[in-house]
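Here is the naming used below: chain letters follow the sequence lines, and residue numbers restart at 1 for every chain.
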Number of protein chains: 2
Amino acid sequence: MDVRESLLKATVKVFAEAGARGATTRRIAQEAGVNEVTLFRHFKSKDDLLECALRTLAELAADRKLPDIPADPVAELTEWARDHHRMLHKYRALIRKTMGEFEENPSLCACTCSATIKMTSDLADYLKTLQLRGLAHPGFNTHAAAAMLMGALFADAISRDAMPDRFPYSMKESVDLAMPLFFQAIGLTTRKKS
Amino acid sequence: MDVRESLLKATVKVFAEAGARGATTRRIAQEAGVNEVTLFRHFKSKDDLLECALRTLAELAADRKLPDIPADPVAELTEWARDHHRMLHKYRALIRKTMGEFEENPSLCACTCSATIKMTSDLADYLKTLQLRGLAHPGFNTHAAAAMLMGALFADAISRDAMPDRFPYSMKESVDLAMPLFFQAIGLTTRKKS
DNA sequence: CGAGCAAGCAAGTAACCACTTGCTTTTATC
DNA sequence: GATAAAAGCAAGTGGTTACTTGCTTGCTCG
């Protein structure tokens with residue numbers, strides 16, 4: 001593996017464990033199996049390294065997309081939500097750290113946020129299409145509904161290990177329990193269109 | 001104001017701005033208008049100070065309660081959600097920082113989490129009562145529904161300033177938009193019981 | 001007034017941090 | 001096998017951090 005590549009990978013790992021201040025260049029270099037000086041030969045500063053690492057990660061995390069034309073909304077939304085929830089959970093530590101960095105290091109935060117913003121807007125578009133095709137209640141605000149589902153998945157994935165009492169069911173179950181509530185909220189019948 | 005008290009207050013403020021590592025004892029003492037040495041005369045270490053500060057804050061943040069016997073569920077839930085959302089938003093920076101501290105400083109995290117855990121369980125109880133009294137759909141999982149609403153409010157309050165594009169409506173509107181969706185989800189009629 | 005306590009102040013300690021410099025060793029390429 | 005680029009290594013610099021020590025000042029209470 002390329003040295004630069006392994007440095008980026010190590011940075012993501014150490015940052016997720018220790019945050020921006022805790023991710024020392026020493027520790028990152030050690031994790032990458034590389035001399036600390038080499039780190040500074042590839043990146044002009046620690047901030048530069050952090051930003052590169054998070055940016056490339058956000059680019060890689062290109063996700064499943066919702067179809068433009070809904071065929072089986074219940075199945076499509078359920079599968080999409082499961083994927084998204086899985087990804088949020090995988091990167092939960094890193095997401096928590098970047099959110100904490102918002103005031104001090106907004107550019108880092110923006111890297112991680114970009115993916116979420118795009119997905120929420122995609123979801124809102126999909127819901128709008130459902131409304132226009134008469135597959136969902138016409139009255140609700142699609143942005144609010146999208147934010148609600150995204151928020152529920154987000155909070156579950158992020159805070160699950162910090163407060164296990166609050167989630168007395170497994171990660172897999174949680175999506176299965178949340179989705180019917182969401183379908184009910186937007187007026188989507190749980191039976192598949194045949 | 002008592003020296004100890006002003007130190008606790010300053011700690012909360014500085015921690016919310018800069019996180020655990022960024023909240024230096026120098027900066028906290030300065031914010032409190034107190035000599036740094038005095039800080040160490042009142043608290044045996046920085047960690048001790050942080051934990052005391054967050055713990056007393058969590059105790060103060062005792063919130064509005066849902067009634068044991070639902071009278072006007074729509075109004076009661078709406079007002080409760082508005083209050084909770086307002087509080088989350090007020091402490092959003094501090095909450096983001098404590099969440100980022102989960103791996104390195106779980107005891108700090110536990111202070112802030114305790115309030116949320118209690119409120120979620122109260123909400124779930126209230127929803128259960130609605131079900132038992134035939135005021136809501138009997139089928140849904142009350143824990144999942146509670147987690148969903150709490151999650152939606154949480155995500156809105158916490159990430160609103162990090163990604164304004166995702167929330168194209170004001171903070172006040174957001175609760176008003178989310179609640180009807182939630183009522184629909186749990187099968188609560190939006191008309192008041194007269 | 002006078003004893004005792006709380007706070008201020010100056011200075012210092014030991015550790016850690018990002019980052020640099022000068023030099024040697026490895027590795028790839030022609 | 002020569003050449004050059006990339007990586008390792010030892011050491012150091014200047015800054016910051018939590019926390020300590022010794023001494024002085026001010027305030028309170030009897």
Side-chain angles (χ1 to χ4, degrees), chain A residues 1-56 94 97-98 100-101 103-109 111, chain B residues 1-56 93-94 97-98 100-109 111:
Chain A
M1 189 162 45
D2 197 351
V3 171
R4 186 188 161 90
E5 198 178 334
S6 68
L7 273 170
L8 291 175
K9 207 171 152 188
T11 302
V12 168
K13 183 177 177 196
V14 175
F15 174 81
E17 285 170 5
R21 270 179 225 261
T24 67
T25 52
R26 240 189 283 282
R27 198 168 153 194
I28 292 171
Q30 190 176 352
E31 177 74 35
V34 154
N35 194 282
E36 194 184 354
V37 179
T38 305
L39 184 155
F40 286 102
R41 289 206 184 98
H42 281 265
F43 301 92
K44 71 178 186 202
S45 72
K46 180 182 153 180
D47 282 346
D48 181 29
L49 170 60
L50 279 177
E51 198 162 328
C52 283
L54 290 197
R55 201 183 298 280
T56 51
L94 184 135
K97 296 294 190 304
T98 44
E101 224 65 39
E103 278 87 5
E104 292 193 281
N105 217 331
S107 61
L108 282 191
C109 204
C111 294
Chain B
M1 188 162 44
D2 197 350
V3 172
R4 186 187 160 90
E5 199 178 333
S6 67
L7 273 170
L8 290 175
K9 208 171 151 188
T11 303
V12 168
K13 183 177 176 198
V14 175
F15 174 81
E17 286 170 4
R21 279 191 156 85
T24 68
T25 52
R26 237 190 286 281
R27 197 168 153 191
I28 292 171
Q30 189 176 354
E31 178 73 34
V34 153
N35 194 283
E36 192 183 355
V37 179
T38 306
L39 184 155
F40 285 102
R41 289 206 185 97
H42 282 265
F43 301 92
K44 70 177 186 203
S45 71
K46 180 181 153 182
D47 282 346
D48 180 29
L49 170 60
L50 279 178
E51 196 161 331
C52 284
L54 290 197
R55 201 182 299 278
T56 49
L94 184 134
K97 295 295 190 304
T98 45
E101 226 63 40
F102 171 63
E103 277 86 6
E104 293 193 281
N105 217 332
S107 61
L108 283 191
C109 204
C111 295

Integer-rounded Å distance: dC19(C) P and Leu49(A) CG: 10 Å

Listed nucleotide nearest any side-chain atom of Val3(A), set dA7(D), dT21(C), dA7(C): dA7(D)

Distance, rounded to the nearest Å, where Arg21(B) contributes CZ and dA15(C) contributes P: 18 Å

Backbone of Leu7(A) reached by a side-chain donor or acceptor of Thr11(A) within 3.5 Å: yes

Whole-Å distance separating the CG atom of Leu39(B) from the P atom of dC9(C): 15 Å

Whole-Å distance separating the CD atom of Glu5(A) from the P atom of dA7(D): 13 Å

Heavy-atom check, side chain of Ile28(A) versus side chain of Phe15(A), under 4.5 Å: no

Side chain of Phe40(A) - closest among dG8(D), dA18(C), dC19(D): dA18(C)

Side-chain touch Leu94(A)/Leu54(A), heavy atoms, less than 4.5 angstrom: yes

Side chain of Val37(A) (C-beta onward), nearest among dT17(D), dA18(C), dT20(C): dT20(C)

Test log, rule salt bridge (charged side-chain N to carboxylate O under 4.0 Å, His left out), inputs Lys97(A) and Glu103(B): CA-CA 10 Å; Lys97(A) 296 294 190 304; Glu103(B) 277 86 6; 2.6 Å; yes

Value in whole Å for how far the P atom of dA18(C) lies from CZ of Arg27(A): 11 Å

Nearest to side-chain heavy atoms of Thr38(A), which nucleotide of dA7(C), dA18(C), dA7(D): dA7(D)

Gap between atoms NZ and P, on Lys44(B) and dA18(D) respectively (whole Å): 17 Å

Pairwise 5' ranking along DNA chain C for Glu36(B) and Arg41(A), keeping only the more 5' one: Glu36(B)

Between P of dA11(C) and CG of Asn35(B), the distance in whole Å: 13 Å

Pairwise 5' ranking along DNA chain C for His42(B) and Arg26(A), keeping only the more 5' one: His42(B)

Flag side-chain contact, heavy atom, 4.5 Å: Thr24(B) against Val14(B): no

Out of dG8(C), dC19(C), dC17(C), whichever nucleotide has its closest atom nearest the side chain of Val34(B): dG8(C)

Spacing between Lys46(A) atom NZ and dT20(C) atom P, to the nearest angstrom: 14 Å

